Structure formats: structure tokens, C-alpha cells
Q: 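Take this structure, written in C-alpha cells, and hold onto it; I'll ask about it next.
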Amino acid sequence: MQFLRFFAQVLLVFLLTAISQVGGLIYLLHLIFWRVLAKKLENGWQKWLLRWSSFVLFYGLFCAFVVPLLASITGRVPLPLGKNGLLLPLHFGTVILNRHYVKPALKTAATEAVLALQKRFPGTQVNYLDANFPFFDEFPLLPHLSHDDGEKLDLAFLYLDAKTGLPSTQAPSPIGYGACEGPLPHENNMPKTCQQKGHWQYNLLPRLVSQRKKKAYLFDEIRTKALVQAFVQHPQIRKIFIEPHLKSRLGFNASKVRFHGCQAVRHDDHLHVEL
Ligand SMILES: [Zn+2]
């Protein structure tokens, strides 16, 4: 029993570290605090509830105040939460799990690109998806193996509300990934090519993610093209990954806009930019 409890705790530390980088460490710090407090409490569900609610509070405070401070000292900053009216997380899980950290140069580049977009389409806010963890190079943000140095950022495409035809601030996938703007019959079908080459993971996400809300949104070709253009024109941005059929549909031939390879996953559900 003792061994099982220890094993479960080790597993939990690994899991929290894998999904949020600092979650495992915060769990261990909280455990020290809890060991002292637990001696004074009687066993029962109230004790269990207090343990986990105090951990959630501990985690929240640590991520809100300590992590951004330490990350900025070591060279990464959190992306804005939407107050600047430019960039905001598509869903708050990205922020809760510390997956919204970038190098200051990338934050500046993304902000400037969205400002350029807003000159053409006033009021357009851009939803970001996974960026990087707050600390250490070569610590990948799973499942994105390349998001390990503060220089990578995924962004949601822009959409129209299918009912009204007006710009929407939302996206069809609840997690931002997996609702694909697939190739038309006459377009280059890289998802099929990669599948045929045996890269099973390339098409995995659309099968895992709910497609329920897909019909409620239309891919906003005009504003998404302007968004890609703003990043293409930014001197600090070196690479942009988008699926080949969207690259030609949107009319890009810049070498910055390139194919990411069959070893990755399809990029017709989001945009990847990097320094
Ligand atoms: Zn990416």
C-alpha cells in the first residue's frame, strides 16, 4: 500500500511536469507544507478536500506571481491575456499550464504582426495556442517537440460565424487544433501523401478532436491571409509552417512559408511561426 502510494505520487509529479513544466515541483513544495499541516488535522474527507484545494491555490499563486518573475530573469515572458486587445489565448488551459511563454523578441514580433493586421482589419484579435514552457531550452512542450526554446508559437486561424458571416473571435476546435481546413479535390493533398508514407500521427488530431462545432464556422481566408502576410513581412520571423494546399490557396510563395515535414502533424488547423 505504501509502495503504491509512493508510485502514484511519482507518477503524478512526472505527469504534472510533462504538462506544465513546474507543476511537479509545485506539488513537491506543497507536499512539504502539507506534511506539517496534516499532523494537526483529523483524517476524513475534509482533510482530503483541504489538501487538494490548498494545492490548487498554491499552484495558481505560484504560476501567477513566481513563474513569470523567474522566467523573465531567465529570458522568457508570458504572452498577454487579451487586455492589450491584440493577442489572447484561445482557451485558458494554455495559461493555466504555463504553455504561453516566449522570448521577448517573439512577443514583440507577434504583437507587431497583429498590429499590422489590425491596420487592415480594425478590432481583429488573434488567438494563440501553444507556445513554450517558461524555463530551459530543449525541454519540449509535448506533443510539440520543436517548441522547446521560447522561439515557437502556434496561432489559431481566423474564422467567420457561419450564421451571420461576421468575423468571429472563436475557433471550431475547443483546443484550437484538429478542426482542419482540408485540401479541395484539385489541391495538393499532403495529409494523404504523409499517411501513405506511413506517418500515422500526421492525421491523428482530427480523429481525436470533436468536429461538432465545425459547421458553425467558416475559414476566413481574407483575414487569415493578412495574418500570414503580417508574419511574412516581419523581419524577426524566420519560418512559418502551414499546410502546402493552404500556402497555394492563400497565394504565398515566400520561402519563409514552408512545409514542416511528414514527421510533424498537419498544419491546416493552425499556423506555426518562429523566430
Ligand atoms: Zn507549432
Side-chain angles (χ1 to χ4, degrees), residues 18-21 76-80 87-91 93-111 113-114 117 126-159 171-182 190-191 194 199 201-206 208-209 219 224-225 227-232 234 236-247 250 252 254-275:
I19 61 171
S20 68
Q21 194 178 50
R76 293 189 199 173
V77 288
L79 286 168
L87 278 162
L88 71 164
L90 180 71
H91 59 90
T94 311
V95 175
I96 291 170
L97 298 176
N98 302 303
R99 301 166 79 90
H100 65 309
Y101 282 81
V102 291
K103 286 188 174 170
L106 182 52
K107 184 176 178 178
T108 306
T111 304
V114 179
L117 173 74
V126 174
N127 292 311
Y128 62 81
L129 308 173
D130 282 338
N132 311 262
F133 281 137
F135 309 107
F136 310 121
D137 284 356
E138 291 173 31
F139 190 114
L141 180 108
L142 295 173
H144 319 266
L145 296 179
S146 74
H147 287 227
D148 64 351
D149 54 6
E151 299 187 357
K152 319 283 163 48
L153 171 62
D154 287 348
L155 301 159
F157 291 156
L158 293 160
Y159 295 91
S173 161
I175 58 165
Y177 299 95
C180 300
E181 187 55 34
M190 201 50 92
C194 290
H199 298 276
Q201 88 297 338
Y202 200 78
N203 286 305
L204 188 63
L205 268 176
L208 298 179
V209 173
F219 176 57
T224 303
K225 179 176 177 168
L227 175 67
V228 179
Q229 203 137 38
F231 280 102
V232 168
H234 199 287
Q236 291 272 61
I237 297 297
R238 216 162 46 89
K239 283 184 202 167
I240 298 165
F241 293 152
I242 194 168
E243 208 59 30
H245 69 271
L246 288 183
K247 178 179 175 177
L250 298 179
F252 288 101
S255 59
K256 265 187 195 184
V257 186
R258 56 182 81 167
F259 176 52
H260 37 277
C262 284
Q263 78 292 341
V265 292
R266 54 195 288 177
H267 279 62
D268 52 359
D269 55 347
H270 75 282
L271 187 69
H272 166 110
V273 300
E274 62 182 77
L275 288 179

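Just so you know, these numbers use all the heavy atoms, side chains as well, and skip hydrogens, waters and symmetry mates. Order of listing sets the numbers, starting from 1, for every ligand and every atom in it. Predicted model, so just to flag it, every value in this text is computed and none were measured.
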Q: Specify whether Y202 and H260 have parallel, tilted or perpendicular ring planes, treating 30° as the upper limit for parallel and 60° as the lower limit for perpendicular.
A: parallel
Q: Of all N/O/S atoms in H147, which lies nearest to the Zn ion (ligand 1)?
A: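 The nearest such atom is NE2.
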Q: What is the ring orientation for H100 with Y128, classed by angle as parallel under 30°, tilted 30 to 60°, or perpendicular over 60°?
A: parallel
Q: Report yes or no: does D154 have an N/O/S atom closer than 2.8 Å to the Zn ion (ligand 1)?
A: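 Within the cut-off used here (under 2.8 Å), D154 does place an N, O or S atom near the Zn ion (ligand 1).
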Q: Report the name of the N/O/S atom of H272 located nearest to the Zn ion (ligand 1).
A: ND1
Q: H270 vs Y177 aromatic rings, parallel, tilted or perpendicular, using cut-offs 30° and 60°?
A: perpendicular
Q: Does the Q236 side chain pair with the main chain of L106, one donor and one acceptor, at a distance under 3.5 Å?
A: no
